Amino acid sequence: MCPAFGSLRVGLRMRRTATVLCGSACCVYGLTFTSHFYGAKRSVGYVPFDSETLVTGKLFEDVREAVQQLADPAKYDAVVVTNLCVPTASGVPLRLLPKSVNGVRIIGIDVPGFGVPTHAEAKDVLAGAMLKYARGEAEQGPVQAPRGGRSEKPTITLLGEMFPADPVGVGMLLEPLGLAAGPVVPTREWRELYAALDCAAVAAIHPYYTASVREFQEAGRRIVGSAPVGHDGTAAWLEAIADACNVPAANVAAAKNVFLPAIRGALAQAPIDGTITVSGYEGSELLVARLLIESGARVPYVGTAAPKTPWSKPDLEWLEAHGVTVQFRAALEQDKAAVDAVKPDLAIGTTPVVQHAKQQRIPALYFTNLISARPLMGPAGAGSLAQVINAALASRARFDRMNAFFEGVGDGDSAGIWDRMPAPRAAKPVRKTGGGRS
């Protein structure tokens, strides 16, 4: 998947935000097709180019003209222009675009496939650029209040996309601390960026949002890694948030007394018994592994396409203390090698990892659609994975039956791919029979 899909998706989800792509036509077609596949009911702008406009600088003029025509303050708060691979490599200078046109903010970003490894990190590229712009506005004077008004309590901004129920659960965890859950970054509206910056601390739920973290740090906000996942994760996260926000120890103890027994009970009611490998590119792989282990599963390997950052340290240390090998920037070959070496009862991973496991009669689940699309945090997250995980673990016998039924299909001469020319078969001898007239 082209990583620019991540930043494209962020822009398409925001109210009053226009998106313009600058890249090869085939790339733009693929990105817009994927965006509509995911339900974006919005047009995507495109600035075409050829060799002449690219080398003469006319492409930049075309982009600037497109922005001028599109910037209608009655329709948009911001216009996002994204350079794909070819314009980025050719140095099309989006930084020279005007900062605003007719009061509409202009955000130019480079998201080349050769420079941004994952679509998850591409989300951070745009979120960080928007936070930087919004921070500059807030430093200059009063800005627009959130749609629902400012919170009466200090807020914790949640960094990283997550299941829709998780921010609600986090808000419940924060209430005994005298805090409230703030906006989720990437936001769904420009004015939410101001509220995100106006926080007591930032919870780096997805710790690879490094561009966004820089903007929060420039605004003087403290960053807290990990997330309230499972019993141990929730306890440690509450303590870290309380330390960042100077919350009295009595409030932390009260929150623990309310939520930790409920989480422990939910985990006990939904046990998982099996060896599981975990891999993916969403950035929440370490959190999922923690929850699986606290549910009783054995997780010897976790691979994530996301990078190692200072804010992934709490999860890394906890997992390593439980005997887990964690591979950051994991390649497909490493994830597949882990499946081959461990021979798990269940493999959770990307599409090719799932295929590789199933070919060996190992049940497998696609991380993005079947695992990350569930609550993970607080009491609601505890036990949320058990149903789908246990159902997959119980399907091993079905895989054995299917393998026995299709044994030999797709192998050797039936694979559909021949590595050499077929050899002609020897002619059968003609059998002569005697006969005559009767």
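Keep in mind that what you see is a predicted model, and the values were worked out from it rather than measured. Here, residue 1 is the first one in the sequence, and each next residue gets the next number.
Annotation: the span from Thr88 atom OG1 to Phe114 atom CZ amounts to 5.5 Å, rounded to 0.5 Å. Between atom OH of residue Tyr46 and atom OG1 of residue Thr32 there is a gap of 10.0 Å, rounded to the nearest 0.5 Å.
Between Pro146 and Ala195, the closest heavy-atom pair is CG-CB, 3.6 Å. Here the closest heavy-atom approach between residue Gly283 and residue Ala306 is recorded as CA-CB, 4.3 Å. Contact detail for Tyr133 and Lys99: the closest heavy-atom pair is OH-O, 2.7 Å. The two residues Ala330 and Tyr301 make their nearest non-hydrogen contact at CB-OH, 3.9 Å.
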Can Glu189 and Arg15 be said to form a salt bridge (Lys or Arg N to Asp or Glu O under 4.0 Å), step by step?
CA-CA 5 Å; Glu189 191 173 10; Arg15 296 188 183 96; 3.1 Å; yes
Under the side chain to side chain contact (heavy atoms under 4.5 Å, CB included) criterion, do Leu59 and Cys22 qualify, and how do the steps go?
CA-CA 9 Å; Leu59 174 57; Cys22 182; 3.8 Å; yes
Residues Glu161, Arg13; criterion salt bridge (Lys or Arg N to Asp or Glu O under 4.0 Å); working and verdict
CA-CA 12 Å; Glu161 288 191 316; Arg13 285 177 169 179; 2.3 Å; yes
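The closest side-chain donor-acceptor pair between Glu137 and Tyr194 falls under 3.5 angstrom.
Between the side chain of Ser24 and the main chain of Cys26, no donor-acceptor pair closer than 3.5 Å is present. Although no hydrogens or angles enter the test, the distance criterion places a donor-acceptor pair under 3.5 Å between the side chain of Glu285 and the main chain of Tyr281. Between the Ser384 side chain and the Gly381 main chain, a donor and an acceptor come within less than 3.5 Å of each other. Between the side chain of Thr309 and the main chain of Pro207, a donor-acceptor pair closer than 3.5 Å is present. Distance alone, capped at 3.5 Å, places no donor-acceptor pair between the Asp315 side chain and the Leu287 backbone. Here the side chain of Asn83 pairs no donor or acceptor atom with the backbone of Leu94 at under 3.5 angstrom.
Residues Arg290 and Leu319 have side chains in contact (heavy-atom distance under 4.5 Å, counting atoms from C-beta outward). Between Val185 and Phe216 the shortest side-chain heavy-atom distance falls below 4.5 Å. At a threshold of 4.5 Å between non-hydrogen side-chain atoms, the residues Pro228 and Leu238 do not count as touching. Between His119 and Glu282 the shortest side-chain heavy-atom distance falls below 4.5 Å. When side chains are defined from C-beta on, Leu197 does not count as touching Thr157, because their heavy atoms never get closer than 4.5 Å. The closest side-chain heavy-atom distance from Val170 to Ile156 is not below 4.5 Å. For the pair Thr234/Leu260, a side-chain contact is recorded, criterion being any heavy-atom separation below 4.5 Å from C-beta on. Between Leu179 and Pro154 there is a side-chain heavy-atom pair separated by less than 4.5 Å.
Pairs engaging residues 331-342 under the salt bridge (Lys or Arg N to Asp or Glu O under 4.0 Å) rule: none recorded [sequence neighbours left out]. Among pairs with a residue in residues 220-236, those fulfilling salt bridge (Lys or Arg N to Asp or Glu O under 4.0 Å) read Arg222-Asp243, at least two apart in sequence or across chains.
Screening Thr17, Val104, Thr19 for a side-chain contact (heavy atoms from CB on, under 4.5 Å) involving Val79 leaves a single residue, Val104.
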Which pairs of donor and acceptor atoms, one on a side chain in residues 371-380, lie under 3.5 Å apart (sequence neighbours left out)?
unit_1	atom_1	unit_2	atom_2	d
Ser372	OG	Thr368	O	2.6
Arg374	NH1	Leu370	O	2.5

In residues 266-274, what donor-acceptor pairs under 3.5 Å come from side-chain atoms, sequence neighbours left out?
unit_1	atom_1	unit_2	atom_2	d
Asp273	OD1	Arg298	NH1	3.1

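Under the 4.0 Å criterion applied to side-chain N and carboxylate O atoms, Glu218 and Lys132 are not assigned as salt-bridge partners. The residues Arg135 and Glu139 are annotated as salt-bridged, a charged nitrogen and a carboxylate oxygen being separated by less than 4.0 angstrom.
By the side-chain hydrogen bond (donor to acceptor under 3.5 Å, both in side chains) test, Gln144 is found to be paired with no residue, residues two or more places apart in sequence or in another chain being considered. In this view, Arg191 satisfies the side-chain hydrogen bond (donor to acceptor under 3.5 Å, both in side chains) rule with no residue, not counting sequence neighbours.
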